[in-house]
Amino acid sequence: MSTEILLQAATDVRENAYAPYSHFKVGAAVRAASGAVYSGCNVENAAYPEGTCAEAGAIAAMVAAGETELVEVAVIADCPSPVPPCGGCRQKLAEFGRHDVKVTLATVAGARTETTVGDLLPGSFSAGHMGHP
Ligand code: THU
């Protein structure tokens with residue numbers, strides 16, 4: 001049930017995506033440890049590399065609200081198969097989510113794939129590699 005709520009939040013925020021260059025709108029939602037849901041959409045830029053992904057927006061909203069742990073993620077786009085997060089977003093998700101955090105990838109047409117933060121980025125670089133706790 002909570003996955004449905006998360007997917008709905010991702011679906012809703014996707015409508016606000018700013019994607020005039022790729023025309024590929026993406027919505028993402030994360031449920032934080034408190035239970036609160038934060039959402040984000042991709043925001044592109046005429047200087048292409050300055051664009052940001054939906055996942056980055058959702059994570060930024062979570063951190064801005066004072067939370068640093070995500071416990072579930074949903075991402076949705078209108079594509080033939082559930083949208084795989086880019087490499088940078090996998091690293092961003094791994095910063096704030098344990099390896100067993102469930103990630104639901106979805107299409108507007110209704111296809112879904114379930115994975116985890118750990119499966120999306122095995123062997124990820126983390127603070128521990130710098131000797132930090
Ligand atoms: N995009 C996301 O927002 N999240 C993903 O998981 C994949 C790609 C965006 C970035 C860019 O605005 C557009 O999709 C096309 O790459």
Next on the checklist: Would you say that Pro84 contacts Arg90 through its side chain, given a criterion of any heavy-atom pair below 4.5 Å between the two side chains?
Outcome noted: yes

Item to check | Hydrophobic cluster identity match, Val63 and Val73, side-chain contacts under 4.5 Å | outcome: yes

Checklist entry - Does Ala111 offer a backbone N or O that forms a donor-acceptor pair with the side chain of Thr107 under 3.5 Å? => result yes

Item to check | Steps toward side chain to side chain contact (heavy atoms under 4.5 Å, CB included) verdict (Ser124, Glu95) | outcome: CA-CA 9 Å; Ser124 64; Glu95 179 75 19; over 6 Å; no

Item to check | Interatomic spacing from SG in Cys41 to CG in Asp12 - rounded to 0.5 Å | outcome: 11.5 Å

Checklist entry - Under the side-chain hydrogen bond (donor to acceptor under 3.5 Å, both in side chains) rule, what pairs show up with a residue in residues 57-83, not counting sequence neighbours? => result Thr3-Glu72, Arg31-Glu72, Ser34-Glu67, Tyr38-Glu67

Next on the checklist: Test side chain to side chain contact (heavy atoms under 4.5 Å, CB included) on Val103 and Thr116; report intermediate values, then the result.
Outcome noted: CA-CA 5 Å; Val103 181; Thr116 63; 5.6 Å; no

Next on the checklist: With a 4.5 Å cut-off on side-chain heavy-atom distances among I, L, V, M, F, W and Y, is there a chain of contacts connecting Val101 to Phe96?
Outcome noted: yes

Item to check | CG on Leu120 to CG on Leu93, rounded to 0.5 Å | outcome: 7.0 Å

Checklist outcome for this item: Heavy-atom closest pair (Ala74 atom, Ala10 atom, distance to 0.1 Å) is O-CB, 4.0 Å

Checklist outcome for this item: For Val83 and Ile76 the tightest heavy-atom approach is CG1-C, 4.1 Å

Item to check | Nearest-0.5 Å distance that lies between atom CD1 in Ile59 and atom SG in Cys89 | outcome: 6.5 Å

Next on the checklist: When you measure from the side chain of Glu55 to the backbone of Ala28, do you find a donor-acceptor pair of N or O atoms at a distance under 3.5 Å?
Outcome noted: no

Next on the checklist: Please check this pair: side chain of Arg112 against backbone of Leu105, looking for a donor-acceptor N/O pair closer than 3.5 Å.
Outcome noted: no

Next on the checklist: With side chain to side chain contact (heavy atoms under 4.5 Å, CB included) as the criterion, how do Thr104 and Leu6 come out once you've worked through the C-alpha distance, each side chain's angles and the decisive distance to 0.1 Å?
Outcome noted: CA-CA 9 Å; Thr104 301; Leu6 211 54; over 6 Å; no

Checklist entry - If you measure from the Lys or Arg side-chain nitrogens to the Asp or Glu carboxylate oxygens, is any gap between Glu114 and Lys102 under 4.0 Å? => result yes

Item to check | Ring geometry between Tyr18 and Tyr21 (parallel below 30°, tilted from 30 to 60°, perpendicular above 60°) | outcome: perpendicular

Item to check | Non-hydrogen side-chain atoms of Cys53 and Pro85 separated by less than 4.5 Å | outcome: no

Item to check | Closest non-hydrogen atom pair between Leu121 and Ala94, with its separation | outcome: CD2-CB, 4.3 Å

Next on the checklist: Please give me the minimum heavy-atom distance between Glu44 and Phe24, naming the atom from each residue.
Outcome noted: OE2-O, 4.5 Å

Checklist entry - What is the minimum heavy-atom distance between Phe125 and Met130, and which atoms define it? => result CZ-CG, 3.8 Å

Next on the checklist: Could you check whether any side-chain N or O of Asn42 sits under 3.5 Å from a backbone N or O of Lys25, counting only pairs where one atom can act as donor and the other as acceptor?
Outcome noted: no

Next on the checklist: Ignoring hydrogens, what is the shortest heavy-atom contact between Gly97 and Leu70? Give both atom names and the distance.
Outcome noted: CA-CD1, 3.6 Å

